[in-house]
Q: 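Questions regarding the structure given below will be posed in turn.
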Amino acid sequence: MSIKVLKPGLQTSIQDLGRSGFRHLGVSQAGAIDSYHLKLANWLVSKPLDSACIESYLIGPVIEFQSNMTIAITGAEFEMYLNNTPISNNRSYNVHSSDRLEFGKLISGARAYIAFSAALNCQTVMTCYSSDTTSGIAATQTPTLSVGEIISTLDSIDELPIRTLPKELVIPNQKNIIVRVIKGLEYSRLTKKSKQILFESTFKVDANSNRMGLRLNGEHLELKEQHEMVSSPIVHGTIQLPKSGQPIIALNEGQTIGGYPRVAQVISADLHLLGQAAPNSKISFYPITIDKAATLQKHKTDFLKEHITYF
Amino acid sequence: MLFHNFSIHINSDCSLLVQFEEKPNLKLTEFIHSFIASIPQLNLKSYTESVAAYQSILLIFDPLNWNYQESIKQLEQCLSKFEPSKFFEPKIIKIPVCYDSRVAKDLTAFCEVKNISIKELIALHTKPSYRVEMLGFLPGFLYLFGLNEKISLPRKSVPDVKIPAGSVAIGGTQTGIYPIDSPGGWHIIGRTPISLFTPKQKPPAIANPLDFIQFEAISYDEYLNYVD
């Protein structure tokens, strides 16, 4: 009862919704960058929504199932084959021992989530299964899956009824991603022109982005005067401005403390959208109020509850 | 009672930042950690965790149904009447360090720039008891206070791509130990054979805020044969 990694792909790792309560030790939450699609993948295989999935980034893996289980893939769209037959996102498939799932070319988005009905058979580390690929904290042998690695699982029900994602829940992957933000603590230090650039121009995602952060390239952002920051806390979604004038958005493996001005903050309801930002895709920021951010978070949670029946 | 002027800011749609006005100092550090330790008893609604920094405290809440106005009010009240208790019993933690260019690639260059011998550097670096101000940046990274300014040196302009775990380094007016392999811009002057962060251990980090760190010089042979 296991899943064997034949080819690991680029940055393939086990992720659930991540850990909380360890930031005071310098440990950030890790977890699925696109938590929305992790939840949907789990729903398709009738698992609790916060279960661990395989997250793959830009280049997907080739894996072999060594027992019967049900699987589903969501998020980034890849060319995919199950025993050489093309398959698609957003529905479940019953697979059998020695079936092989192969990822091909990336079509849209950046991160795919592979859910499997069988439960993981390993110990959690610091309360969850998420791999922190930056610091190496991992429940599996290595933080990113390696060639020949065996992911041990428990027994699964042989066949589950096939589930398809309700179309209301499908979010098409965009080349231009708009995320809503609130102003950051050092926003007022930006020049008038930079404030305008921040909210009115688009930024291109740099190839050096990873699970720590999205590095952006765009029109140069400037502070009114140079400002030496005392090291201060950073959270998921904080948009920092290093001296280069090119912003960085902290993701799930971002530092807990940093030293750059915090110019804006992505709202909780939109954080998952950052998970589908591939290199060279575009991001723009739309400012809203804190009250609006709270309402949007509630809407998103209610919307998900409404459309997926959970038992 | 010593009052610390503060202001509370909305940091995100699920976090608040308490910012203190005064420059970082021991009394403030004690106040910050004492307050954080008392948070579980305050019954702050939707509260999940907090992070201490030199001059600020970050409090994180569950974004769903979080009433930030209520949290700000609650926090303001608690902070203005809070009296830090003297419950800290700081430990003194000794960390063996091998100051040898075979494990510390910047040691020779560092001593040349500072115009001191390796022996003098070791004496200056091992003399103080460094106070742990906070943990953060990387898992188990300790922000230490107390570096002798004679051995401070601005960070490298081009950071190294990979600094090995255990490297003891100086960056600006700070000294620290890289707990894991990591990129970094500090000057590597030594290496410790002990591990600073073990995820499966409880607690995973070797020190808590307000503990003291003392570096002890060991030889290259002792480094190689060290059993953690």
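Residue numbers start from 1 in every chain, and the chains themselves are labelled A, B, ... in the order their sequence lines are given, proteins ahead of strands. For clarity, every value in this text was computed on a predicted model and none was experimentally measured.
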Q: Under a 4.5 Å cutoff for heavy-atom pairs, which residue among B:Ile10, B:Thr48, B:Ile60 has the most contacts with chain A?
A: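 Greatest number of close heavy-atom pairs with chain A: B:Ile10.
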Q: With a 4.5 angstrom heavy-atom cut-off, could you sort out which part of A:Thr295 is near chain B: side chain, backbone, both or neither?
A: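 Contact with chain B involves no heavy atom of A:Thr295 at all.
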Q: Atom OG in A:Ser231, atom OH in B:Tyr54: separation rounded to 0.5 Å?
A: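 Those atoms lie 6.0 Å apart.
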Q: Is there a side-chain contact between B:Ser12 and A:Ser268 in this structure, where contact means two heavy atoms from C-beta onward sitting under 4.5 Å apart?
A: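 No, too far: nothing below the 4.5 Å cut-off.
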Q: With a 4.5 Å cut-off on heavy-atom pairs, point out which of A:Ala264, A:Gly26, A:Ala293 contacts chain B the most.
A: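 Looking at each option in turn, the highest pair count goes to A:Gly26.
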Q: Using a cut-off of 6.0 Å, state whether more than 12 heavy atoms not belonging to B:Phe110 lie near its atom CZ.
A: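 Counting other residues, nucleotides and ligands, CZ of B:Phe110 exceeds 12 neighbours.
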Q: Can you tell me if A:Lys195 has over 12 outside heavy atoms packed within less than 6.0 Å of its NZ?
A: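 Above 12, so yes.
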Q: Should B:Tyr68 and A:Asp291 count as side-chain neighbours, where that means a heavy-atom distance under 4.5 Å?
A: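 Yes; the side chains approach each other to less than 4.5 Å.
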Q: Just how far is it from atom CG of B:Leu138 to atom OG of A:Ser28, taken to the nearest 0.5 Å?
A: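 Separation between the atoms: 9.5 Å.
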Q: Counting C-beta onward and ignoring hydrogens, is there a side-chain heavy-atom pair between A:Val230 and B:Gln55 closer than 4.5 Å?
A: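 Yes, at least one pair of side-chain atoms sits under 4.5 Å.
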Q: Counting only heavy atoms not in A:Tyr286, do more than 12 sit closer than 6.0 Å to its OH atom?
A: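 No, because the 6.0 Å sphere around OH of A:Tyr286 holds 12 heavy atoms or fewer from other groups.
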Q: Measure distances from A:Leu185 to the heavy atoms of chain B and classify the residue's part below 4.5 Å as side chain, backbone, both or neither.
A: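 Just the side chain, heavy atoms under 4.5 Å.
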Q: Are there more than 12 heavy atoms of other residues, nucleotides or ligands under 6.0 Å from atom NZ of A:Lys292?
A: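 12 or below, so no.
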Q: Taking B:Phe197, B:Trp66, B:Phe141 one by one, which has the highest count of heavy-atom pairs under 4.5 Å against chain A?
A: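 Most heavy-atom pairs under 4.5 Å with chain A: B:Phe197.
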Q: Looking at every heavy atom in both B:Pro199 and A:Met126, which two are closest together, and how far apart are they?
A: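 It is O-CG, 3.7 Å.
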Q: Nearest 0.5 Å please: distance from the CD atom of A:Gln123 over to the NZ atom of B:Lys200.
A: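 Taking CD in A:Gln123 and NZ in B:Lys200, the distance rounds to 7.5 Å.
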Q: Given heavy-atom pairs under 4.5 angstrom as the criterion, report whether the side chain, backbone, both or neither of B:Asn65 touches chain A.
A: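 For B:Asn65, the contact with chain A is made by the side chain alone.
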Q: Heavy-atom count around B:Lys45 NZ within 6.0 Å, excluding the residue itself: above 12?
A: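 Check fails, neighbour count at 12 or below.
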Q: Considering only heavy atoms and a distance below 4.5 Å, find which of B:Ile180, B:Asp13, B:Val51 pairs most often with chain A.
A: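 The residue among B:Ile180, B:Asp13, B:Val51 with the greatest pair count is B:Asp13.
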Q: More than 12 heavy atoms of other residues, nucleotides or ligands under 6.0 Å from NZ of B:Lys156: yes or no?
A: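 Check passes, neighbour count above 12.
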Q: Are side-chain heavy atoms of A:His24 and B:Ile36 found at a separation under 4.5 Å?
A: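 Heavy-atom side-chain distance check fails, nothing below 4.5 Å.
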Q: Contact part of A:Gln265 toward chain B, heavy-atom cut-off under 4.5 Å: side chain, backbone, both or neither?
A: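 Just its side chain gets close to chain B.
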Q: How close do A:Thr256 and B:Phe137 get, heavy atom to heavy atom, and via which atoms?
A: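 Taking every non-hydrogen atom into account, OG1-N, 3.1 Å.
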Q: Is the closest side-chain heavy-atom distance between B:Pro139 and A:Ile137 below 4.5 Å?
A: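 Contact flag for B:Pro139/A:Ile137 side chains = yes.
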Q: Determine whether more than 12 heavy atoms belonging to other residues, nucleotides or ligands lie under 6.0 Å from atom OH of B:Tyr223.
A: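 More than 12 within 6.0 Å, yes.
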Q: Distance check, rounded to the nearest 0.5 Å: A:Ser232 atom OG versus B:Asn11 atom CG?
A: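 Result: 9.5 Å between the selected atoms.
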Q: Nearest 0.5 Å, please: how far is CG in B:Leu17 from CZ in A:Arg262?
A: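 So the CZ of A:Arg262 and the CG of B:Leu17 are separated by 5.5 Å.
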Q: Heavy-atom cut-off 4.5 Å, strictly under: side chain, backbone, both or neither for A:Leu25 against chain B?
A: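 Both parts, heavy atoms under 4.5 Å.
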Q: Tell me, for A:Ser135 versus chain B, whether the close heavy atoms (under 4.5 Å) come from the side chain, the backbone, both or neither.
A: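 Both the backbone and the side chain of A:Ser135 come within 4.5 Å of chain B.
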Q: Counting heavy-atom pairs under 4.5 Å to chain A, which of B:Pro209, B:Pro179, B:Gly136, B:Ala205 comes out on top?
A: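 It is B:Gly136.
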Q: State, to 0.1 Å, how close B:Met134 and A:Ile257 come at their nearest heavy-atom pair, and which atoms those are.
A: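 Smallest heavy-atom distance, with atoms named: CE-CD1, 4.0 Å.
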Q: Surrounding CD of B:Glu89 (heavy atoms of other residues, nucleotides or ligands, distance under 6.0 Å), is the total greater than 12?
A: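 No, not enclosed.
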Q: Could you tell me the separation between the CD atom of B:Glu49 and the CZ atom of A:Arg19, rounded to the nearest 0.5 Å?
A: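 Answer rounded to 0.5 Å: 11.5 Å.
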